[in-house]
A.B. asks: 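Here you go, one structure.
Lettering follows sequence order; numbering is per chain, from 1. Note that the structure is a prediction, hence the values are computed from the model and not measured. Below, all heavy atoms of this structure are taken into account, side chains as well, without hydrogens, waters or symmetry copies.
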Number of protein chains: 2
Amino acid sequence: MTQVPARRIEPTMRDVAALAGVSIKTVSRVINDQGGAGADVVERVRAAAQSLGYRPNLSASSLRRSDRRSATLGVLVEDLSNPFDAALLRAVEERARRDRVLVLASSAEDDIDLQREQLESLAGRRVDGVVVMAASGQQDDLQHERSRGTPMVLVDRPPTFSDTDSVTTTNRESSRQAVLQLAAYGHRHIAFLGGRETVWTSQERRIGYLEGLAQAGLRWRDESVCTDLKGVDAAERAVAGLLDLTSAPTAIFTAQNLITVGAMRVLLARGWQHRVALIGFDDFPLADMLDPAITVVRQDVPLIGRTAADLVLSRIEGDRSPAVHAVVPAELVRRGSGELWPPSS
Amino acid sequence: MTQVPARRIEPTMRDVAALAGVSIKTVSRVINDQGGAGADVVERVRAAAQSLGYRPNLSASSLRRSDRRSATLGVLVEDLSNPFDAALLRAVEERARRDRVLVLASSAEDDIDLQREQLESLAGRRVDGVVVMAASGQQDDLQHERSRGTPMVLVDRPPTFSDTDSVTTTNRESSRQAVLQLAAYGHRHIAFLGGRETVWTSQERRIGYLEGLAQAGLRWRDESVCTDLKGVDAAERAVAGLLDLTSAPTAIFTAQNLITVGAMRVLLARGWQHRVALIGFDDFPLADMLDPAITVVRQDVPLIGRTAADLVLSRIEGDRSPAVHAVVPAELVRRGSGELWPPSS
DNA sequence: GCCACGTACGACAACGTTGTCGCAGGGGCG
DNA sequence: CGCCCCTGCGACAACGTTGTCGTACGTGGC
């Protein structure tokens, strides 16, 4: 039977000091390994702390300390249950742990009001810095927080204001590369399906697509570019519409993983999965187990997270060098669906 | 150009008080909406706080406050990038937000030493409570923390000590149900593939499998029960071994999603995916897009998370009623792979 | 006109910790 | 033997906030 006390009572330095027969300050010195205490005293204090189960109160410590560190980082993403966001959080956490820093995680659901609220919450807890996946729309709140001196790194989407670090991936270049590969396989009619246009990455990937078309000398067809798709359903409808065209595309580039899934679903339903080539931006679990396995542009999420954490932690350490805009290369993972030739006509 | 100050300087109540020409205590009253301040004074203080960009310091507040709340919850899972863990975190966060509570997230990697360390870190920040997915092995550290009065809820795996809430799913019952369904489809040789036996859920699901066999009047075959599989590779080898048996099983029950994936991979490689029935425990993304779509036992992760958060938050509010062991029902999602008949012999 | 009472505020201490300073004692050096 | 410095420790204040209590003042009843 676990004996659970009615109220949680944490021993303080005062208690440890009393038991060890020394002053509070001496306890502080021992706990923080500051030296200036005799070996016997250190021993006594350690024993007293141990026997009382003393644990330093980090809130009080950070309040009094001159550097004001809370050893806590805020991570503000769109949706913690999204695999990308989760992997990012994990990578930040792992890097932060090295510095004994913990992570306050929250979802802003791509809503700037909620984002502001969460940002306030984090600031109220005096986090040492924040890693933010900016919600689409005005970044005034982020800029405001930043202008107060809060170390901040934007991930996935860059800041629209200056003096702030960011970590993004090669959205445009990799999209172009995907399109060029489709063109190299002989496709002359390549469709584009993109997500919400308010999101920076959607725009970048669309531009990359257009650049790829241009570079391959292919003409741009209005009816083959579907933007601002929200959710799997919209993607499915769009793909169905494309395939029903009298001159249907022979290849599809999807700019987001949910859209890729929607496209694949429609192709499977029609039995055209080996007839229409498909490359998607962003990897997803089991993409390699479908038939055909899906060729994707894969972001290096762990590296993105680690880089972001590195940046914010070094800013916290006082690094005042100019803002860094790190770009982590994405990789084209060829699995089959992007290596289909167009039907011989 | 964003003007970023060299050092972060947050205004305090003292500053607000000076600007508004009132005492610090009055500022405190206004900020906390405690009343006892004249309308004009409230107005002046609000204006002063606004113009200075004042934000209350929650650390200082929680230090001084009588209830000692930090409005922060710890969530300690195995791996934040695992979809199950991420969904759980998300659900807890969403529920916590209602109470203006933030979530400190950390991964213990199923390592009790790391778990202890993270638990210490959380305790040092004086979180109001913790939601823990217990690492396998001795739960001494958890029990110790619990015995100090920290509100705690275990998720996914129950406590081995008393007086502590938990939220789990119907591991045994749902496993049995899966096996019974396979039997109902005429399968008389059903194999089992399970994960690490140190993990409670693995054991429960194995027991459920055995119960199902017994209930269906099927005999247990030693060579068809593979336990303690670590990772996808091990699962693949085990499945390959099973299928090579002279009397190979006609149906497989996999007790964990990675194992399900491994099994499916082998079946696909051999082209037997329509010949051997498969039911997996735990849903995974795209399970419905494979051919055949995978029948799974799906846990209601959001509900598990919400329930856990509800419990820990009510304990924090002072609920001292006996420990609750909530069991959230899992659901058999029939998609095809579990509804295959054995080859007519 | 007196007292009782309620309201609006401020002074002060305290939460648990750390930075500053000061003091006692010992040892080295001239 | 006197001086200084170094080491080991403690007293005290302060971080930003809130709980307690006191005080001034206005209001109402007799």
A.B. asks: Of the listed nucleotides (C/dT17, D/dG16, C/dG10), which one gets closest to any side-chain atom of A/Asn57?
C.D. replies: C/dT17
A.B. asks: Measure from CZ on B/Arg14 to C1' on C/dC12 and round the result to the nearest Å.
C.D. replies: 13 Å
A.B. asks: What integer distance in Å separates A/Leu58:CG from C/dT18:P?
C.D. replies: 9 Å
A.B. asks: Can you tell me the distance, in whole Å, between the CD atom of B/Glu43 and the C1' atom of C/dA8?
C.D. replies: 17 Å
A.B. asks: How many whole angstroms separate atom CG of B/Leu63 from atom P of D/dC15?
C.D. replies: 14 Å
A.B. asks: Quick one: does A/Asp99's side chain have a donor or acceptor within less than 3.5 Å of a partner on A/Val101's backbone?
C.D. replies: no
A.B. asks: Please produce a list of atom pairs where a protein N or O lies less than 3.5 Å from an N or O of nucleotides 19-22 of chain C.
C.D. replies:
from: C/dG19; atom 1: N7; to: A/Lys25; atom 2: NZ; distance (Å): 2.9

A.B. asks: Using OP1 and OP2 only, check whether a side-chain N or O of A/Arg68 sits under 4.0 Å from D/dG16.
C.D. replies: yes
A.B. asks: A/Ile24 has an atom CD1; how far is it from atom C1' of D/dA11, in whole Å?
C.D. replies: 10 Å
A.B. asks: As a test of reading the structure: which of D/dC9, C/dT17, D/dG16 is closest to the side chain of A/Ala37, going by heavy atoms?
C.D. replies: D/dC9
A.B. asks: Would you tabulate the side-chain donor-acceptor contacts of residues 129-141 of chain A under 3.5 Å, counting partners in other chains and residues two or more places apart, or write 'none'?
C.D. replies:
from: A/Ser136; atom 1: OG; to: A/Asp110; atom 2: OD1; distance (Å): 3.3
from: A/Ser136; atom 1: OG; to: A/Asp110; atom 2: OD2; distance (Å): 2.9
from: A/Gln138; atom 1: NE2; to: A/Asp140; atom 2: OD1; distance (Å): 3.2
from: A/Gln139; atom 1: OE1; to: A/Thr160; atom 2: N; distance (Å): 2.8
from: A/Gln139; atom 1: OE1; to: A/Thr160; atom 2: OG1; distance (Å): 3.2
from: A/Gln139; atom 1: NE2; to: A/Pro158; atom 2: O; distance (Å): 3.4
from: A/Asp141; atom 1: OD1; to: A/Arg116; atom 2: NH1; distance (Å): 3.4
from: A/Asp141; atom 1: OD2; to: A/Arg116; atom 2: NH1; distance (Å): 3.2

A.B. asks: Which heavy atom of A/Ser81 sits nearest a heavy atom of B/Ala87, and at what distance?
C.D. replies: CB-CA, 4.0 Å
A.B. asks: Quick check on side-chain contact (heavy atoms from CB on, under 4.5 Å): which of B/Val75, B/Leu76, B/Val77 does B/Ser106 satisfy it with?
C.D. replies: B/Leu76
A.B. asks: Looking only at side-chain N and O atoms, does B/Ser28 come under 4.0 Å of OP1 or OP2 in D/dT17?
C.D. replies: no
A.B. asks: Less than 4.0 Å between a side-chain N and a carboxylate O, is that true for A/Asp67 and A/Arg126?
C.D. replies: no
A.B. asks: How close or far is atom C1' of D/dG16 from atom OH of B/Tyr54, stated in whole angstroms?
C.D. replies: 7 Å
A.B. asks: I need the minimum non-hydrogen distance between B/Ala96 and B/Val103, along with the two atoms involved.
C.D. replies: CB-CG2, 4.2 Å
A.B. asks: Ignoring the backbone of A/Ala60, work out which of C/dG16, C/dC15, D/dC9 is nearest its side chain.
C.D. replies: C/dG16
A.B. asks: Counting heavy atoms from C-beta on, name the nucleotide in D/dG16, D/dT18, C/dG10 closest to the side chain of B/Ser23.
C.D. replies: C/dG10
A.B. asks: Measure CG/B/Asp15 against C1'/D/dG16 and give the value in whole Å, please.
C.D. replies: 10 Å
A.B. asks: Counting any heavy atom closer than 4.0 Å, what does B/Thr12 reach on the DNA or RNA strands: base, sugar-phosphate only, or nothing?
C.D. replies: sugar-phosphate
A.B. asks: In whole Å, what is the span from the CZ atom of B/Arg126 to the P atom of D/dT17?
C.D. replies: 20 Å
A.B. asks: Check the pair B/Glu145, B/Arg148 against salt bridge (Lys or Arg N to Asp or Glu O under 4.0 Å), reporting the backbone distance first and the verdict last.
C.D. replies: CA-CA 5 Å; B/Glu145 187 60 43; B/Arg148 301 176 70 133; 5.1 Å; no
